There are 2 protein chains.
Amino acid sequence: MRADAQRNYDRIVEVAREVFREQGYDASLDEIAKRAGVGPGTLYRHFPARENLLDAVLKFWVDKVDVATEKALAHEGGDRAVLLNWFEEYVALISQHKGAPAKITSAIGNPDSPITTKCQVLTAANDRIIDRLRADGALRDEVDTIQVCRLVGGIATVADQGDLDADAVRPMLAVVADGLLR
Amino acid sequence: MRADAQRNYDRIVEVAREVFREQGYDASLDEIAKRAGVGPGTLYRHFPARENLLDAVLKFWVDKVDVATEKALAHEGGDRAVLLNWFEEYVALISQHKGAPAKITSAIGNPDSPITTKCQVLTAANDRIIDRLRADGALRDEVDTIQVCRLVGGIATVADQGDLDADAVRPMLAVVADGLLR
DNA sequence: CCACAATACGGAGACACTCTCCGTTTAGCA
DNA sequence: TGCTAAACGGAGAGTGTCTCCGTATTGTGG
């Protein structure tokens, strides 16, 4: 990639991260272009669809997922506490900005999505937690990773769109956890 | 209301019901106006916000909710079967058109929403099912109606946005049911 | 160091949607 | 039938998406 192109690409992603956080995932792309000091044509050449921009914005976020997974695996307490703690982390991870939980969750299990690699990171993280709990014999047999991602993602989506706080979310996560544990 | 106003109102609702079903809840309101043979001004005078139109579209739907509730209460089988059967009905009820599960679920518990009366119908229906199961001593103590609506609504939202079919939804509903039952 | 592809830029503008304002029309009553 | 309150409807302003193409920049080979 040419040096000026790289510069613009990086600048757009940086600005998009900021604007998505401020205004949510529905923010105007033309405004992002303007704030980044480029024309709309430049933005759309680098990111043909909004989701491609989201994918780029989530680049460093992958590391956060890994850190959170490690922390969850190292969590003190019983299986239920581990699972609940992870669910809260998971919700926080996919709720970085308004509209993100829905976008991410609906992309899970869809290999054609521009953010499919990010979804794989998430499902892999869930796999690790689930494997650990399964090794303890704590989970029901039919538990499936993608289903878990969707269940918790659904709660995150509802919380995002209905402006619910953590106290309203926790008991819902507990229901799902209890439905998964033996 | 003047007779011509009533005529236009009814016609708009009728067309909206059709268009929402065809194109989802995000359909163009100007197109609905055009198809109904009225100017956009007329549509917006009757329905200042999109949600007001949704509210009107859902008028007869209330009866369906009541019928479905009766059927669920009369369901043969144990408590788990009753609950699962109701959840499937519930998902179907709020998934009449694309985008509806999210809109309805995020309005639950929000008295300022234009569709708040419709949400009350839904929560009342859930109350009846929950009361019945609670009378059997089948539910955990901390179960709360609004939480149940949100949990199942979250699944419906994810299914709607990710184009999941009933076979993918059922096991997720089962997890929630198991988390609610003793 | 320069010329010249190849690459990238950017903004004008087409298109779509939302929503309002206000001049015109119509219903229904006296 | 005539009058007034109610309702209509469409032009158009505002906003956002996305493309096309003339212009500008980069970096390489001579």
Side-chain angles (χ1 to χ4, degrees), chain A residues 1-57 97-100 102-103 106-107 112-115 161, chain B residues 1-57 97-100 102-103 106-107 112-115 161:
Chain A
M1 194 186 292
R2 238 169 67 174
D4 55 343
Q6 185 70 58
R7 232 183 357 255
N8 282 330
Y9 181 100
D10 292 343
R11 179 126 188 69
I12 290 168
V13 173
E14 191 186 332
V15 169
R17 192 173 287 128
E18 206 175 288
V19 174
F20 281 168
R21 192 161 37 227
E22 282 172 21
Q23 310 182 12
Y25 181 61
D26 287 334
S28 157
L29 296 185
D30 272 25
E31 187 191 321
I32 291 174
K34 194 170 292 178
R35 273 216 223 176
V38 304
T42 300
L43 187 148
Y44 284 96
R45 198 169 339 96
H46 285 306
F47 309 100
R50 184 180 289 267
E51 288 201 337
N52 296 114
L53 185 50
L54 178 60
D55 188 63
V57 161
H97 45 256
K98 204 154 181 52
K103 263 293 165 251
S106 69
D112 298 331
S113 165
I115 59 169
Q161 292 174 357
Chain B
M1 195 187 292
R2 238 170 66 172
D4 54 344
Q6 183 71 57
R7 229 177 6 249
N8 281 330
Y9 181 100
D10 292 342
R11 179 124 187 72
I12 290 169
V13 172
E14 191 187 332
V15 169
R17 193 174 287 127
E18 206 175 289
V19 174
F20 280 170
R21 191 162 37 228
E22 281 172 21
Q23 310 182 11
Y25 181 61
D26 287 334
S28 156
L29 296 186
D30 271 25
E31 189 191 321
I32 291 174
K34 193 172 293 178
R35 273 218 223 176
V38 303
T42 300
L43 187 149
Y44 284 97
R45 198 167 343 94
H46 285 306
F47 309 100
R50 184 180 290 267
E51 288 202 336
N52 296 114
L53 186 51
L54 178 60
D55 188 64
V57 161
H97 44 255
K98 206 154 179 53
K103 263 294 167 255
S106 70
D112 298 332
S113 166
I115 59 170
Q161 293 175 357

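Here the structure is a predicted model, which is why all the values come from computation and not from measurement. Letters go in sequence order (proteins before strands), and every chain restarts at 1.
For the pair B:Asn8 and D:dC8, the criterion of a side-chain N or O lying under 4.0 Å from OP1 or OP2 is met. Using a 4.0 Å cut-off, some side-chain N or O of A:His46 falls inside it from OP1 or OP2 of C:dC9.
Residues forming a side-chain hydrogen bond (donor to acceptor under 3.5 Å, both in side chains) with A:Glu14 (at least two apart in sequence, or on another chain): none. Not counting sequence neighbours, the partners of B:Asp4 by the side-chain hydrogen bond (donor to acceptor under 3.5 Å, both in side chains) test are B:Arg2. Applying the side-chain hydrogen bond (donor to acceptor under 3.5 Å, both in side chains) rule to A:Asp30 yields no partners; only residues at least two apart in sequence or on another chain are considered.
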Donor-acceptor pairs under 3.5 Å, side chain of residues 43-53 of chain A to any protein atom, not counting sequence neighbours: which ones?
residue: A:Arg50; atom: NH1; partner: A:Tyr25; partner atom: O; Å: 2.7
residue: A:Arg50; atom: NH1; partner: A:Ala27; partner atom: O; Å: 2.9
residue: A:Arg50; atom: NH2; partner: A:Ala27; partner atom: O; Å: 3.2
residue: A:Asn52; atom: OD1; partner: A:Ala49; partner atom: N; Å: 3.0

Requested in this report: Determine, for nucleotides 24-30 of chain D in 5'-to-3' order, which nucleotides have protein heavy atoms under 4.0 Å from the base (write B), from only the sugar-phosphate (write S), or from neither (write -).
Outcome: -BSS---

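Put simply, the side chain of B:Val19 reaches to within 4.5 Å of the side chain of B:Arg35, judged on heavy atoms.
Following rounding to the nearest Å, A:Leu43 (CG) and C:dG11 (P) show an atom-to-atom distance of 13 Å. Atoms OH (A:Tyr9) and P (C:dT7) sit 19 Å apart, rounded to a whole Å. As a whole-Å value, the separation of A:Arg11 CZ from C:dA8 C1' is 18 Å. Protein atom CZ of A:Phe47 is 13 Å distant from nucleotide atom P of C:dA8, rounded to whole Å. A:Arg35 places its CZ atom 12 Å from the P atom of D:dG16, with the value rounded to the nearest Å.
Closest approach of B:Ala107 and B:Ser113 over heavy atoms only: CB-OG, 3.5 Å. Shown here for A:Gln161 and A:Ala102, the closest heavy-atom pair between the two residues is NE2-CB, 3.9 Å. Across every non-hydrogen atom of A:Ile32 and A:Val15, the tightest pair is O-CG1, 3.7 Å.
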Anything under 3.5 Å between a protein N or O and an N or O of nucleotides 17-21 of chain D, put it in a table, one pair a line.
residue: D:dT17; atom: OP1; partner: A:Arg50; partner atom: NH2; Å: 2.4
residue: D:dT17; atom: OP2; partner: A:Ser28; partner atom: OG; Å: 3.3
residue: D:dT17; atom: OP2; partner: A:Leu29; partner atom: N; Å: 2.9
residue: D:dC18; atom: N4; partner: A:Asp30; partner atom: OD2; Å: 3.3

